[in-house]
Structures are given as structure tokens and as C-alpha cells.
Amino acid sequence: MLDIQLLRNDVDAVAARLAGRGYTLDGAAFTRLEAERKQAQVRMQELQATRNAASKQIGEAKRKGEDASPIMARIATLGDELKAAEQAYEEVQKQIDLWLLSIPNLPHESVPVGRDETDNVEVRRVGVPRSFDFPVKDHVDVGAPYGLDFETGAKLSGARFTVLRGDIARLHRSLAQFMLNTHTEEHGYTEMYTPYIVNDNILYGTGQLPKFAEDMFKVQKGGDEAGPDQYLISTSEISLTNTVRDSIIKTDELPLKMTAHSPCFRSEAGSYGRDTRGMIRQHQFDKVEMVQISHPDTSFDALEEMVGHAETILKKLELPYRVITLCTGDMGFSATKTYDLEVWLPAQNTYREISSCSNCGDFQARRMMARYKDESGKNQLVHTLNGSGLAVGRTLVAVLENYQNADGSITIPTVLRPYMGGRDRIGG
RNA sequence: GGAGAAAUGGCCGAGUGGUCGAAGGCACACCCCUGCUAAGGGUGCAUACGGGCAAAACCUGUAUCGAGGGUUCGAAUCCCUCUUUCUCCGCCA
């Protein structure tokens, strides 16, 4: 959520910055709503002040044993007026809130301006894609003999669900363990385990609601149709970041660094026909997530650091990748700056997203009311960052494709061997 | 699932219809006193959103005692619904 003061002071400047990310801000509508709000609020507060003063007088009169009926007669009709005024105010305020909640974050000045992913800027490439002297298979064909099973996944749950068994399942688990251990032991993150089902208000905090409900899975308690709205998390960013909701953090406790391995559930409405083969795009996938709650002064340093943490995983796995800066038009709703890590997939002969690291500035903090106390004792909004470190399913894809051998076997990356019982290959 | 109790400021805790945004204590900040040891005194110390105002200081209004509704001129206090916590019983991995 943007600072409403920013909008009150200079709607046009905000609109100009949002235009860069392809969002059209209706400044005139805002100005109109704001005028209405001010009028309604002043009116309501005046009536409340009148009522409060009269009630005090009544109290005093009664204590002295005087007759309070003249005062009561004077404000006889106040109640109805006040009720109407309060309703009018609430109505406008609700409109403003909903409008505010649907505006995306402002891009940071350092973000390249552009329309879509073709305008993203490559920052660096690390590692050299291996050259194969045999026909390269994609992960579906590489993994099938060892337990990568889409057919059974579809039987159980439909398209975009996968069953892993045997060596592939273990490789998948090993990747998650390896990532989690690296972030906790080498990067200073606290390991977390959090709910996978969250209340709807939590999703307002991180920005999935009110605009992106169609990407989420909504769940219901058995037999409880009137129960609270709850959703499966689409990323553990949601649960990790919201742990600091409604709290005031001591300055010397910043930054808070949290990591978790969790499943992610995405309905991906609107992505039909994209990446239908294989496990690139699934309704359920695992991810190791990093979240930092940062002091505003250091959040952009923290972003660079976090990208480095994600890169460490790829480096240790010896997977070639590149880092790109997303342009204004390609960034997510809550982000003020985002780096994507893209891993080399030989079968697709291209780099594909495997991590996304964003600084959200105070955008989520304002929605969550997450603050710290500054030196002068004032409460200030924290900055929030999140990054994949990494998407486990896609990392599995990358390992299968990059480590495949001519005989159909798969070499196990060196760092994963301790997690795989010391073996150095699958099959062969 | 059944029965009962509870939820107040950073923390503890008083407050059952009328100047209560809330006593008192702790913690914290500053000042004074004291030349010495976890001593004494004073002051300050919730948040959000408005208006004066373009902004700071300042003045001022409104809301907030788990959440939402209701009764009332007036609600922390009475009523209803919900949430959470605790105790006991049952069930369960």
C-alpha cells in the first residue's frame, strides 16, 4: 500500500511513476474521493464532539442532582444525524481503502523502465552451459525411469500435479535440505516452520489480496460453509513476512532473517497452455524461501545480499545461470525492485526463472502495520524483502537436465552426495 | 466434542454506566540529589486518522480497553455473535 500522504500531496507524480509499470492511476477519481472523505469526516467528528460534550454535561448535572432533561431534549435528533454521518464516512473510507489496496508499489529509481520481460536487463552470467555430445533429453524423459511420474499425479489430482518416487523423490528432498542448511548455517537465517493455510487478512498484508484471488486456492473446513475465508499459501513469503504483522520490532533486532521450506499452491489462472509439459509450472511445488525484515536504510544492500544467497545455491550446485533486473513493467505487485535468477535448461536451450528476489520497501509493512522504533522513539515502517532460495521443483528440473549422461544416468552434484547416501549417480 | 474461566497501554495490574485514554507499579528516557555499591526525588512516556496548514513546531478534534454488532444522551463496564488463551473431561497422530 502506498502512503496516502504521497497521493494527497502529488497525485500526478505518483501516477507518472506508476505509468512506468503499466498501471494507470485515476488521479481525478482520487481527488474527488478525498474531497468527499474530508467533508464526511469533518461532519462526523463535529457531531461526535457535540454528543460527547452534551453527554458530559448530562453526567455532571445528574451528579449534582439537577434536571438533565433540557440538555437531552437539545440533542434528541443528534443520534440519527450522527448515524447517517458515520455511515457516509465509512462508505467513502471503504472505497478509498479498496482503491489504495489495489495500487501496485512504486518502482525504485534504479529499476529500468520497460513494458515487459523483453526490457529486462541482464546483470551477469555465471557458469558456462555444458556442451553435450549426445542428443539432450528434457527432464521429463531424463527423470521418467527413476521415478518422475506425471501420469499418476494427473490421476490423483489432475493436470499440473506430479508424483515423485524413489531416487527422484530423494533427490528432491535432498535439494530442499541442502538449501535450508546452507541458508541457516552460512547465511544467518532462522529456520521456520509455518502454517500452509492462512486467513484472508494475511493475504492483504503481502499483497495477494484483494487483486489476485484467482491465483490462490481457497480452502474450507469440512461442513463449515460460513467459516472464515482461508487460503493455501502460494509462497511461504506470505506466512514468514506476516509473522511481524502488527508488531513493533526493536531496532537492534533488525534485520530479521527467516527461511522456510514449504509447499506452494498456485492456481495459475490464465496460464493455460504455458509450460504444460513437465514440472516447470505446477499447482503444487516446493520452495525454500528467504525473508528479511530490514531497516529502511539498508534494505537495498539486503537485496543485493539476498540475491547473493540465492546465487550461492546455484554456484554450489554448479548450475549455469544469469541474473537479471526486472524492468518496471515486469515486476510483481508489491515489489519496488526485483532481481530474477534464471538457470540454464539445456533441453529448452534457454535460461528459465528459478528465483525471484524482491525488495518491497515499506509497501507490505504499511499493509501489515509492521514497524520498528527509531532513535527518537518514533514508530517507523520496516522494509520487507523476499527471495526464493530456490524453487525446489525447478532446481530438480535443472539438475536432471544439466547432469544427464549419454547412458541415461544422472550424475549427482557433489554437494548433494551426502544427502544421497554418498552415491554419485542415479542409474547407469 | 462437552463444561468452566479469562482477554485492559512495552509488561504487570486496578477499574461493573457519567470529565476514563484509562489509577498504581515495573520497564524506558531526561533532569535533580547523593562521592560508591540492583538508594532517593522530579518530569516525561500508547496508537491511528483528521482539522488549523503548504510544511515544521504547536494548538485542536475523533477513534481505539481481543474483534464485530446492539442497548443508552453517554459503554472498558450491560446484551448478542465470533476469535484467542487457560483449566477439567472425552477423542486422537
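Proteins come first, then strands; the chains are lettered A, B, ... in the order of their sequence lines, and each starts at number 1.
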Q: May I have the distance from A:Arg366 (atom CZ) to B:rA48 (atom C1'), rounded to whole angstrom?
A: 13 Å
Q: Are more than 12 heavy atoms, taken from residues, nucleotides or ligands other than A:Glu186, located less than 6.0 Å from that residue's CD atom?
A: yes
Q: Quote, to the nearest angstrom, the P distance that separates B:rC78 from B:rU16.
A: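 Rounded to whole Å, the distance is 9 Å.
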Q: When you get a sec, tell me which of B:rU19, B:rA55, B:rG51 is the closest nucleotide to the side chain of A:Glu60?
A: B:rU19
Q: Roughly how many Å apart are B:rC45 and B:rG10, using the C1' atom of each and rounding to a whole number?
A: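 B:rG10 and B:rC45 have their C1' atoms separated by 11 Å.
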Q: Are the charged groups of A:Glu305 and A:Lys257 less than 4.0 angstrom apart, N to O?
A: yes
Q: Rounding to the closest angstrom, what is the interatomic distance between B:rA75 and B:rA22 at atom C1'?
A: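 To the nearest whole Å, 13 Å.
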Q: In whole angstroms, how far is the C1' atom of B:rU47 from the CD1 atom of A:Ile249?
A: 16 Å
Q: Got a donor-acceptor contact below 3.5 angstrom from the A:Asn199 side chain to the A:Asn201 backbone?
A: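 It does not hold such a pair.
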Q: Could you measure between the two P atoms, the one in B:rG44 and the one in B:rC58, and give it in whole Å?
A: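 Taking atom P in both B:rG44 and B:rC58, they lie 15 Å apart.
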Q: How far does the P atom of B:rG4 sit from the matching atom of B:rC82, given to the nearest Å?
A: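 Taking atom P in both B:rG4 and B:rC82, they lie 14 Å apart.
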Q: Got a donor-acceptor contact below 3.5 angstrom from the A:Arg37 side chain to the A:Gln93 backbone?
A: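 The answer is no, because no donor-acceptor pair under 3.5 Å joins these two groups.
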Q: At under 4.0 Å between heavy atoms, how does the protein contact nucleotides 59-73 of chain B? Give one character per nucleotide, 5' to 3', with B, S or -.
A: --BSS---------B
Q: Could you give the distance separating B:rG51 and B:rG40 at their C1' atoms, to the nearest angstrom?
A: 45 Å
Q: Looking only at side-chain N and O atoms, does A:Asn9 come under 4.0 Å of OP1 or OP2 in B:rA54?
A: no
Q: What integer distance in Å separates A:Ile248:CD1 from B:rU47:C1'?
A: 8 Å
Q: Over how many whole Å does the gap from A:Asp97 atom CG to B:rC49 atom P extend?
A: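 So the CG-P distance, A:Asp97 to B:rC49, works out to 11 Å.
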Q: Which residues in residues 30-38 of chain A have at least one heavy atom lying under 4.0 Å from any atom of RNA chain B?
A: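 Hits under 4.0 Å, by residue number: A:Arg37, A:Lys38.
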Q: Checking the side chain of A:Asp275 only, and the main-chain atoms of A:Arg281 only, is there a donor and an acceptor separated by less than 3.5 Å?
A: no
Q: Tell me the interatomic distance from A:Asp200, atom CG, to B:rU83, atom P, rounded to whole angstroms.
A: 14 Å
Q: Take A:Phe217 and A:His283 through the test ring-ring contact (aromatic ring centres under 6.0 Å, His included) and record every step on the way to the result.
A: CA-CA 9 Å; A:Phe217 281 97; A:His283 285 317; 5.7 Å; yes
Q: Regarding A:Arg371, tell me which of base, sugar-phosphate or nothing describes its non-hydrogen contacts under 4.0 Å with the strands shown.
A: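 Here A:Arg371 touches the backbone only, sparing every base.
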Q: More than 12 foreign heavy atoms under 6.0 Å from CD of A:Glu151: is that the case here?
A: no
Q: Hey, are A:Glu237 and A:Thr206 close enough side-chain-wise for a donor-acceptor pair under 3.5 Å?
A: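 Note: A:Thr206 and A:Glu237 side chains miss the donor-acceptor criterion.
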Q: Taking only the P atom of each, what is the distance from B:rG18 to B:rA29 in whole angstrom?
A: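 So the two P atoms sit 38 Å from each other.
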Q: Are the side chain of A:Thr241 and the backbone of A:Ile238 linked by a donor-acceptor contact shorter than 3.5 Å?
A: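 Not a single qualifying donor-acceptor pair exists.
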Q: Looking at A:Gln177 and A:Tyr419, would you say the former's side chain and the latter's main chain have a donor-acceptor pair under 3.5 Å?
A: no
Q: For B:rU77 and B:rC20, measure between their C1' atoms and round to the nearest Å.
A: 11 Å
